[in-house]
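Below, all heavy atoms of this structure are taken into account, side chains as well, without hydrogens, waters or symmetry copies.
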Amino acid sequence: MIDLKQLRENPAQFQTRLNLKGEYNLAPLLSLDQQQRELEVKRSQLQARSNEIGKLVGQKMKGNPQDPEIPGLRDEGNQVKAQLAELEPKERDLKAEIETILLTLPNLPDESTPVGKDEDENVEVDRWGDEYLPTNPNILPHWEIGEKMGILNFERSTKVAQSRFVSLIGKGAALERALIQFMLDRQIAAGYVEVLPPILINTQSLTASGQLPKFADESFKCDRDDLWLTPTAEVPITNFYRDEILNAEELPIYHCAYTPCFRREAGSYGRDTRGLIRLHQFNKVELFKFVRPETSFDELETIRRDAEAILQALKLPYRVLALCTGDLGFASAKTYDLEVWLPSSGKYREISSCSNCTDFQARRANIRFKEAGKKGTQFVHTLNGSGLAIGRTMAAILENYQQPDGTIQIPEALRPYLGRETL
RNA sequence: GGAGAGGUGGCAGAGUGGUCGAAUGCGCUCGACUUGAAAUCGAGUGUACCGAAAGGUACCGAGGGUUCGAAUCCCUCCCUCUCCGCCA
């Protein structure tokens, strides 16, 4: 959520920065805000008088219940109440309207985010591992080799659930578990505290992290219970500290979390219909940070390095993109995407996204911190990054490590976790 | 799912219609005493909004109602705990 107070002070600046993300008209919001504030002044003056009358009546009742001034005060009290009864609903409606609009406005892009209108204008800032690009000219797509080996099964999963679901069998399942364990171990060693959170989350949680109201169609919902299937561990972890005031000394807080993730993938019906790239359910190890505002852009660099470290350890070739303003996510001020080389696509494909959401989620989730001895509170900054998407990592391994004889080599770093060198 | 109890400040806990943002204790901060510490004593100690300030307003799980006035009474909802039932 953007800061209404700051918006009020620099509307032109906000408008300019928002326009880098899309089309937004702030004029109605500003007008509603002004009306609301005028009403609020009137209302609180009336309430002050009402409180005063209440106290006066109380005093007089205590002295002499027959005091002749009491009926007059009561009358005035009733009049004030009648006026309040008119103002209050108006103000409440205005506030609700303002809130509704605020919840649909995205975070402002940071000045270091490259300006551009869509993914074609993202900027490659780094590339790693050219020497590990596969030389095998006959690589089968991961879904073909996987089904051939009997470690992936899509057809039966469609029967059990729907299209875009997969089952992992035997060594496939073991590889998935090994990847989860490997990634968690690495990130825990890097200083992240593991959390295994609830996978079903309520509407308020999704709103706080920014998935709702805008992306309701993207999430699976359990209608009877006001619970949704988590689309990313970012949501439960953000909300872990919702409505809390943290001590400054507690920051930064680093968490990592393995969760399955569920996405409806509405509107992507033609894309990536085969394989592990775009499923309704996939596993992910997520990195998450709650930090002091002045450190968040440095923290973004380190969260990105922590995600990159996994790809490097697995010797998977990848590149790093700085997303341009037009391609930036709703809650993000700055995002790096890590893209792994995927031979079946003949290009790099997203495997991690690392974002600095600045105070955007903290405002929605009301997560603040207090400096000892200082007055007031500040919003924390939140960052998240995949470290990494497991299914896509599996796909990258099945392809990049595919040998001419059709076997899959296991990346060295992973061997202790799997207890074998090839699949 | 059934029956009962309950939700008050960092914690514990009082408050059943009147000057209650809320006693008291603990904790915490500052000060005094002390060589130092403990103990003791004194002062302070929620959040947000409006305001240059003085000050004002809101918040006692949430929402509504009664009243001049609600933490306190009424209604609805949510959550927690205990017992019973069912179940992985």
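- Taking atom C1' on both nucleotides, B:rA70 is separated from B:rA22 by 13 Å, rounded to a whole Å.
- Annotation for A:E218 and A:E265: closest pair OE1-N, 3.3 Å, computed over non-hydrogen atoms.
- Spacing of P atoms, B:rG25 relative to B:rG63, comes out at 32 Å, to the nearest Å.
- Across B:rG46 and B:rU29, the matching C1' atoms stand 15 Å from one another, rounded to whole Å.
- Residue A:R43 contributes atom CZ, which lies 11 Å from atom P of B:rU57 at whole-angstrom precision.
- Residues A:E40 and A:R49 each lie close to RNA chain B; by heavy-atom proximity, the contact nearer the 5' end of the strand is made by A:E40.
- Rounded to an integer number of Å, the gap from CD of A:E76 to P of B:rC68 is 13 Å.
- In this structure, B:rU72 forms no base pair with any nucleotide, since neither Watson-Crick nor G-U wobble geometry is met with both distances under 3.5 Å.
- Across all strands shown, B:rG61 is found opposite B:rC77 as a Watson-Crick or G-U wobble partner, with both distances under 3.5 Å.
- A:N19 and A:Q15 share a side-chain donor-acceptor pair at under 3.5 Å.
- Across every strand in view, B:rC11 sits in a pair with B:rG25 that passes the Watson-Crick or G-U test at under 3.5 angstrom.
- Straight-line distance from the CD1 atom of A:I245 to the P atom of B:rC28: 20 Å, rounded to whole Å.
- For A:F360 and A:F330, the ring centers sit closer than 6.0 Å to each other.
- Straight-line distance from the CD atom of A:E91 to the C1' atom of B:rU57: 10 Å, rounded to whole Å.
- Between the P atoms of B:rU19 and B:rC60, the separation comes to 16 Å (whole Å).
- Between A:R368 and B:rU47 there is no side-chain polar atom (N or O) within less than 4.0 angstrom of OP1 or OP2.
- Nucleotide B:rG1 has B:rC84 as its partner under the Watson-Crick or G-U criteria, with both atom distances under 3.5 Å.
- Between B:rU66 and A:K81, no contact under 4.0 Å exists linking OP1 or OP2 to a side-chain N or O.
- The residue from A:E38, A:E86, A:E91 that alone fulfils the salt bridge (Lys or Arg N to Asp or Glu O under 4.0 Å) condition with A:R43 is A:E91.
- Close to B:rA58, at under 4.0 Å from its OP1 or OP2, lies a side-chain N or O of A:N51.
- Centroid-to-centroid, the aromatic rings of A:F288 and A:H255 stay 6.0 Å apart or farther.
- If you check B:rU19 for Watson-Crick or wobble pairing at under 3.5 angstrom, you find it has no partner at all.
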Short N/O separations, protein against nucleotides 61-65 of chain B, under 3.5 angstrom:
residue, atom, partner, partner atom, Å
B:rG64, OP1, A:R92, NH1, 3.4

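- Of all nucleotides present, none satisfies the Watson-Crick or G-U wobble test against B:rA53 with each distance under 3.5 Å.
- The separation of B:rG9 from B:rA14, taken at their C1' atoms, amounts to 13 Å, rounded to a whole angstrom.
- Atom-to-atom, CD of A:Q47 to C1' of B:rC49 comes out at 12 Å; the value is rounded to the nearest Å.
- The interatomic distance linking A:K60 (NZ) with B:rC68 (P) rounds to 17 Å, in whole Å.
- Regarding contacts with the backbone of B:rC50, a side-chain N or O of A:R8 is found under 4.0 angstrom from either OP1 or OP2.
- No side-chain donor from either of A:Q13 and A:Q6 sits under 3.5 Å from a side-chain acceptor of the other.
- A 3.5 Å limit on both hydrogen-bonding distances identifies no Watson-Crick or G-U partner for B:rA39.
- Straight-line distance between the C1' atoms of B:rG7 and B:rU45: roughly 25 Å, to the nearest whole Å.
- Side chain to side chain, A:Y241 and A:E250 fail the donor-acceptor criterion of an N or O pair below 3.5 Å.
- Looking at A:H381 and A:C357, their side chains never come closer than 4.5 Å, going by heavy atoms from C-beta outward.
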For nucleotides 17-19 of chain B, which of its nitrogen or oxygen atoms have a protein nitrogen or oxygen under 3.5 Å away, and what is each distance?
residue, atom, partner, partner atom, Å
B:rG18, N2, A:G54, O, 2.6

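- Taking a cutoff of 4.0 Å between a charged side-chain nitrogen and a carboxylate oxygen, A:D272 and A:R349 qualify as a salt bridge.
- A donor and an acceptor atom, one from each side chain of A:T232 and A:K284, are located under 3.5 Å apart.
- Both distances falling under 3.5 Å, in either a Watson-Crick or a G-U wobble arrangement, occur for no nucleotide opposite B:rU66.
- Using atom C1' as the reference point in both B:rG13 and B:rG65, the two lie 30 Å apart (nearest Å).
- Nucleotides B:rA71 and B:rU8 have their P atoms positioned 16 Å apart, rounded to a whole Å.
- A:K42 places its NZ atom 18 Å from the C1' atom of B:rG51, with the value rounded to the nearest Å.
- Checking B:rA48, B:rU57, B:rC50 against every side-chain atom of A:T377, the shortest atom distance belongs to B:rA48.
- With 3.5 Å as the limit, one finds no donor-acceptor pair spanning the side chains of A:T325 and A:T113.
- A donor-acceptor contact under 3.5 angstrom links the side chains of A:S205 and A:R242, judged on distance only.
- Atom CD of A:Q204 is separated from atom P of B:rC78 by 15 Å (rounded to the nearest Å).
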